[in-house]
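Below is one structure, written out as structure tokens; the observations come after it.
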Amino acid sequence: MLSVEDWAEIRRLHRAERMAIKAICRRLGVSRNTVRKALASHEPPRYQRAAKGSIVDAVEPQIRALLAEFPDMPTTVIMERVGWTRGKTVFADRVQQLRPLFRRPDPSQRTEYLPGELVQCDLWFPPADVPLGFGQVGRPPVLVMVSGYSRWLSAVMIPTRQSPDLLVGHWTLISGWGRVPKALVWDNESAIGQWRAGRPQLTEAMNAFRGTLGIKVIQCRPADPEAKGLVERANGYLETSFLPGRRFGSPQDFNAQLTEWLVRANNRQHRMLGCRPLDRWDADRQAMLPLPPVAPVVGWRQTTRLPRDHYVRLDGNDYSVHPSVVGRRVEVTADCDQVTVFCDGRPVARHDRCWASHQSITDPAHRQAAADLRIAAQRTPTTAVDAQVERRPLSDYDRLFGLDVEVAAA
């Protein structure tokens, strides 16, 4: 058989050197028919081995008959029905080739997204220990959001998956975009909502949040991860591309590294789009809704009466408050970064949010103020009370108990 090198050389000599067929035959030592075939063929010669029969050919009619009646019959059952006792791999390969001929085609549909239409959301729990302070480490959740049209990826680590922290994460990412998508797609995260009696029901906090933004929240049906496949793939991308080889000093360090990496991630070439997410982001944002004139109320909000020990509890941690407002009602607010306590509209405590658990966070100024107030209370003199008490004669008590009668009788 003529080699590819000889085929290429024959064509070069004839086309470039203008050599005759007889001259080519003398130079290369090949026959005229070989030269003519090489000049007539516009593709290089390929070696093709003659097809040999397979040991499965003898039972293929039986396999076809079974698949025609039962297209989904397992391969092992087909082997048993036809009495196959030889190699399993060659038999399974033939069944795999024949099965699509008897199954009804069920093609999947590629979903097309309009600009600004929706954003898919999910929680990713990175398999990496993050120092939380006070000698504790943990794996806090990361809120991941992916825009359907541009595939723009945004993410932020939050302290917990509870509703206050989850909505703070939403607003952090959305306000950073400067626009609001028309719909958010979520699974059955308990802080978002659940399916009950065949109907989706959002939590009160999520309804208040979406009402302020004027958007829709779409809850996927249970056990339907394909409904939010974009964000599921984004979670895998974060785990394989962002996480490996990294070390984190704190949740804040995690978010700083994540923010830096997301810039590169949104500038990468997206295989499905054929462009970068950044190339579509402007059109995506322009089709979104404007931010509401009043920001939604997110984060922790609670009201309590400050006890004598002048500490308030939030998410399992205690935070000191200025003792001057002991016994009065205070309002505790918190986001992912800070805890603030107000009394009559003025701040009486401000602390960095503690991501560890079961800790007491004390402001030295509050400790000193409490010590000063205790000393002042001890030094306050006690005012003597001048009370006039009537003194009754003892004979009145004798008459009350009948003692005077007994004495007279004696």
Side-chain angles (χ1 to χ4, degrees), residues 1 43 45-113 118 120-128 139 141-142 144 146 148 151 153 161 183 185-190 192-201 217-244 270-274:
M1 181 180 176
E43 294 181 356
R46 292 189 180 91
Y47 172 73
Q48 293 182 349
R49 179 180 295 176
K52 293 183 179 181
S54 171
I55 56 176
V56 191
D57 292 342
V59 295
E60 181 173 322
Q62 301 176 53
I63 297 174
R64 286 176 175 268
L66 290 172
L67 291 176
E69 188 174 0
F70 308 103
D72 296 321
M73 179 179 286
T75 302
T76 53
V77 178
I78 298 176
M79 294 173 61
E80 180 183 347
R81 296 291 175 84
V82 302
W84 186 259
T85 58
R86 305 187 68 173
K88 180 180 178 181
T89 301
V90 66
F91 187 92
D93 291 343
R94 181 62 61 89
V95 173
Q96 185 179 12
Q97 295 174 7
L98 295 176
R99 196 185 297 276
L101 302 177
F102 301 94
R103 273 180 174 170
R104 179 176 297 176
D106 183 21
S108 61
Q109 181 180 359
R110 178 178 292 185
T111 306
E112 299 291 339
Y113 300 97
L118 59 81
Q120 295 184 7
C121 311
D122 197 17
L123 287 179
W124 171 52
F125 294 87
R139 298 181 175 183
V142 175
V144 183
V146 180
R151 306 299 200 273
L153 174 59
R161 64 195 303 176
V185 179
W186 263 102
D187 56 13
N188 290 283
E189 182 67 30
S190 59
I192 302 298
Q194 293 180 344
W195 278 77
R196 295 179 179 175
R199 298 182 59 184
Q201 294 184 1
V217 176
I218 302 172
Q219 287 181 258
C220 303
R221 290 185 175 275
D224 187 16
E226 293 181 354
K228 54 182 186 66
L230 297 181
V231 71
E232 295 286 353
R233 286 191 293 273
N235 290 348
Y237 180 54
L238 284 163
E239 193 157 325
T240 58
S241 298
F242 165 70
L243 205 56
H270 198 284
R271 182 179 62 85
M272 292 296 297
L273 298 180

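Remember, it's a predicted structure, so these values are computed and weren't measured experimentally.
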Who passes side-chain hydrogen bond (donor to acceptor under 3.5 Å, both in side chains) against [X], sequence neighbours left out?
X    : value
Q96  : none
D122 : K228, N235
R64  : E60

Testing the basics here: between R221 and W195, what is the closest heavy-atom pair and its distance to 0.1 Å?
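So the two residues come closest at NH1-CZ3, 3.4 Å.
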
For the backbone of C220 and the side chain of N188, can you confirm whether one donor and one acceptor N or O come within less than 3.5 Å of each other?
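Judged by distance alone, yes, a pair lies under 3.5 Å.
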
Holding to salt bridge (charged side-chain N to carboxylate O under 4.0 Å, His left out), I want the full list of residues that pass it with [X], two or more places apart in sequence or in another chain.
X    : answer
R139 : D129
E80  : none
R161 : E189

Under the side chain to side chain donor-acceptor pair (under 3.5 Å) rule, what pairs show up with a residue in residues 69-79, not counting sequence neighbours?
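Matches after skipping sequence neighbours: D72-R103, T75-R99.
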
State, with a plain yes or no, whether a side-chain heavy atom of [X] is found less than 4.5 Å away from one of [Y].
X    : Y    : value
L243 : P127 : yes
L98  : L101 : yes
D57  : R94  : yes

Got a sec, which residues hit side chain to side chain contact (heavy atoms under 4.5 Å, CB included) with [X], two or more places apart in sequence or on another chain?
X    : value
I218 : A183, V185, K216
Q194 : S190, R196
A68  : F102

Which residues pass the ring pair (Phe, Tyr, Trp, His ring centres under 6.0 Å) test with Y237, not counting sequence neighbours?
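Only W261 meet the ring pair (Phe, Tyr, Trp, His ring centres under 6.0 Å) criterion with Y237.
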
Sequence neighbours excluded, every pair satisfying ring-ring contact (aromatic ring centres under 6.0 Å, His included) that has a member inside residues 63-85:
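Pairs touching residues 63-85 that pass the test: W84-F91.
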
